[in-house]
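Here is the structure we will look at.
Just so you know, ligand 1 is whichever comes first in the structure, and atom 1 is the first atom listed for that ligand.
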Amino acid sequence: MPGRLLLVAAAAAVVVISTTLGPVPAAGAGLTCSGIVPMRYRYDRISITDFGGVGDGRTVNTKAFREAIYRIQHLRRRGGTLLYVPPGVYLTGSFNLTSRMTLYLARGAVIKAVQDTWNWPLIAPLPSYGRGRERPGGRYISFIHGDGLHDVIITGENGTIDGQGSVWWNMWRQRTLRFTRPNLVELMNSKGIIISNVVFRNSPFWNIHPVYCRNVVIHYVTILAPYDSPNTDGIDPDSSSNVCIEDSHISVGDDLVAVKSGWDEYGIAYGRRSSYITIRRLTGTTPFAGIAVGSETSGGIENIYAENINLYRVGVGVHVKTNAGRGGYIRNVTISDVYMENVRQGLKISGDVGDHPDEYYNPNALPYVKGITVRDVWGVKVREAGLIRGLWNAPFTGICLSNVNIRGWPGPGRSGGRWTCEHVSGAAHEVNPWPCAELASPQHTGSCLNSP
Ligand SMILES: *[C@@H]1O[C@H](CO)[C@@H](O)[C@H](O)[C@H]1NC(C)=O
Ligand SMILES: *[C@@H]1O[C@H](CO)[C@@H](O)[C@H](O)[C@H]1NC(C)=O
Ligand SMILES: *[C@@H]1O[C@H](CO)[C@@H](O)[C@H](O)[C@H]1NC(C)=O
């Protein structure tokens with residue numbers, strides 16, 4: 001088994017990548033997530049093959065993964081342990097990670113989920129959701145799962161974690177799902193997480209779901225699922241703080257990145273916010289949103305910063321979404337340096353999106369939305385510039401647009417010029433086409449342009 005060389009190679013690759021990135025705008029080009037979570041070198045290493053793992057694409061390796069991780073958990077080697085997955089296709093059922101481990105996928109290594117939907121284990125619903133997101137009751141455990149962990153790294157040489165989601169998507173399409181589909185990777189109540197240099201494919205549901213976590217770095221990842229695959233969100237930081245996502249490509253069937261914080265009365269009662277989420281140098285394609293906040297926002301969402309986002313063929317470029325019943329707040333969100341091309345709607349900020357967990361939600365729990373800055377946006381082939389619609393009894397304030405240029409489709413019948421606003425105030429500076437009168441209230445202009 002290759003040893004320390006591997007780690008050195010991976011570390012070197014990271015350094016090289018960060019200096020050879022394509023033409024990114026000056027703003028933020030030099031900033032990285034490094035430092036949020038220290039990269040650890042593990043001197044204790046084991047290989048999945050030491051535990052009977054066979055990468056022939058047919059052998060089921062669930063026992064090998066569970067035993068290897070059991071060994072890491074109970075031997076507790078100083079500095080943690082690296083679990084090496086050599087080239088080959090390792091079919092397996094779901095498994096749990098443990099603290100102080102690195103899951104290392106060699107180039108050509110594929111960890112592939114069995115399609116055994118009937119025997120897939122169940123776990124309790126998240127307390128901030130009160131039930132599974134798509135079906136009442138519990139939910140299927142994520143393919144790779146962790147709860148209460150610290151110091152976990154998933155990395156390698158761009159090996160693949162493949163959820164083989166098609167059977168799950170078909171159950172959703174045929175309405176035969178008994179419980180909520182599994183995420184590809186979910187980490188709960190964990191801290192000190194790095195996910196880098198891995199390809200994620202065909203998740204049954206959301207791809208990467210850090211929930212109740214802090215200090216999470218996700219970079220140099222590729223996330224792929226078909227354009228028409230249902231609910232295959234890329235990365236959903238949920239009731240988590242200090243999450244940094246950068247230098248990644250995501251092409252999936254739902255939002256590329258969606259920041260969340262719990263669902264209606266359950267999320268309000270649990271009261272865990274998402275804050276300090278940074279997203280930068282992301283490219284992607286989706287029929288839904290490029291960068292999303294919401295719609296589950298009941299624990300509050302604040303201090304979100306996204307920059308250098310390149311979107312091609314997306315439904316909505318930037319979508320901030322919430323609903324009556326959610327309660328909570330969305331404040332201090334800045335999105336800058338966005339290029340979007342072939343887009344249905346450039347910007348959408350709306351208070352009427354998403355469903356409710358049950359009939360016990362409180363329709364008077366209104367979301368509070370204040371301080372959303374969108375600046376330096378260039379859109380081409382955009383069908384509709386934007387829609388900003390607050391709630392009549394909870395208007396959105398401090399909505400600031402600056403240097404936003406949205407173009408329609410070239411040629412006859414081109415559109416793209418339209419903005420719709422309602423129950424909103426804020427400011428607009430150098431916005432083309434000119435947006436709504438609601439964003440011209442002079443008393444807000446100063447605060448807008450001074451916001452970070
Ligand atoms: C994995 O963790 C979950 C809870 O986090 C637990 O319910 C389940 O039993 C664990 N599975 C295994 C195989 O240890
Ligand atoms: C892995 O993929 C990322 C994202 O595409 C890329 O930037 C990087 O060069 C690749 N890393 C390795 C070690 O091949
Ligand atoms: C707004 O969020 C940014 C991080 O995105 C943070 O640096 C800044 O301090 C926040 N501003 C306020 C007033 O909290």
Under 3.5 Å, side-chain donor or acceptor atoms of residues 143-150 against the rest of the protein: list the pairs with distances, not counting sequence neighbours.
from, atom 1, to, atom 2, distance (Å)
H145, ND1, S142, OG, 3.0
D147, OD1, N189, ND2, 2.8

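For ligand 3, none of its N or O atoms has an N or O atom of Y276 under 3.5 Å away. Checked by distance only, ligand 2 and D247 stay at 3.5 Å or farther apart across all their nitrogen or oxygen atoms. Inclusion of E157 in the set of residues having an N or O under 3.5 Å from an N or O of ligand 2 is not warranted. Residue Y220 has no N or O atom closer than 3.5 Å to an N or O atom of ligand 2.
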Does the pair R389 and V424 meet the rule for a side-chain contact (heavy atoms from CB on, under 4.5 Å), with working shown?
CA-CA 6 Å; R389 181 178 285 149; V424 49; over 6 Å; no
Verify side-chain contact (heavy atoms from CB on, under 4.5 Å) between M340 and Y312, making sure each step is shown before the conclusion.
-> CA-CA 6 Å; M340 55 176 91; Y312 304 88; over 6 Å; no
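Residue contacts with ligand 2 for R107 involve side-chain atoms from C-beta outward but no N, CA, C or O (heavy atoms, distance under 4.0 Å).
Judged by distance alone, the side chains of T59 and D56 do bring a donor and an acceptor atom under 3.5 Å apart. For the residue pair E246 and Y220, no side-chain donor N or O sits within less than 3.5 Å of a side-chain acceptor on the partner. With no hydrogens or angles considered, a side-chain donor-acceptor pair links Y212 and S128 at under 3.5 Å.
Listed by number with element, the atoms of ligand 2 under 4.0 angstrom from any heavy atom of T222 are 4 (C), 5 (O).
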Between the protein and ligand 1, are there any N or O atom pairs that come within less than 3.5 Å of each other, and if so, what are their names and distances?
from, atom 1, to, atom 2, distance (Å)
ligand 1, 2 (O), N96, OD1, 3.3
ligand 1, 2 (O), N96, ND2, 2.4
ligand 1, 11 (N), N96, ND2, 2.8
ligand 1, 14 (O), N96, ND2, 3.3

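Under a 4.0 Å N-O distance rule, the pair D44/R71 qualifies as a salt bridge.
For T297, the side-chain hydrogen bond (donor to acceptor under 3.5 Å, both in side chains) criterion is met by T322, not counting sequence neighbours.
For residues 32-95, the set of pairs meeting the disulfide bond (SG atoms under 2.5 Å apart) definition, not counting sequence neighbours, comprises C33-C244.
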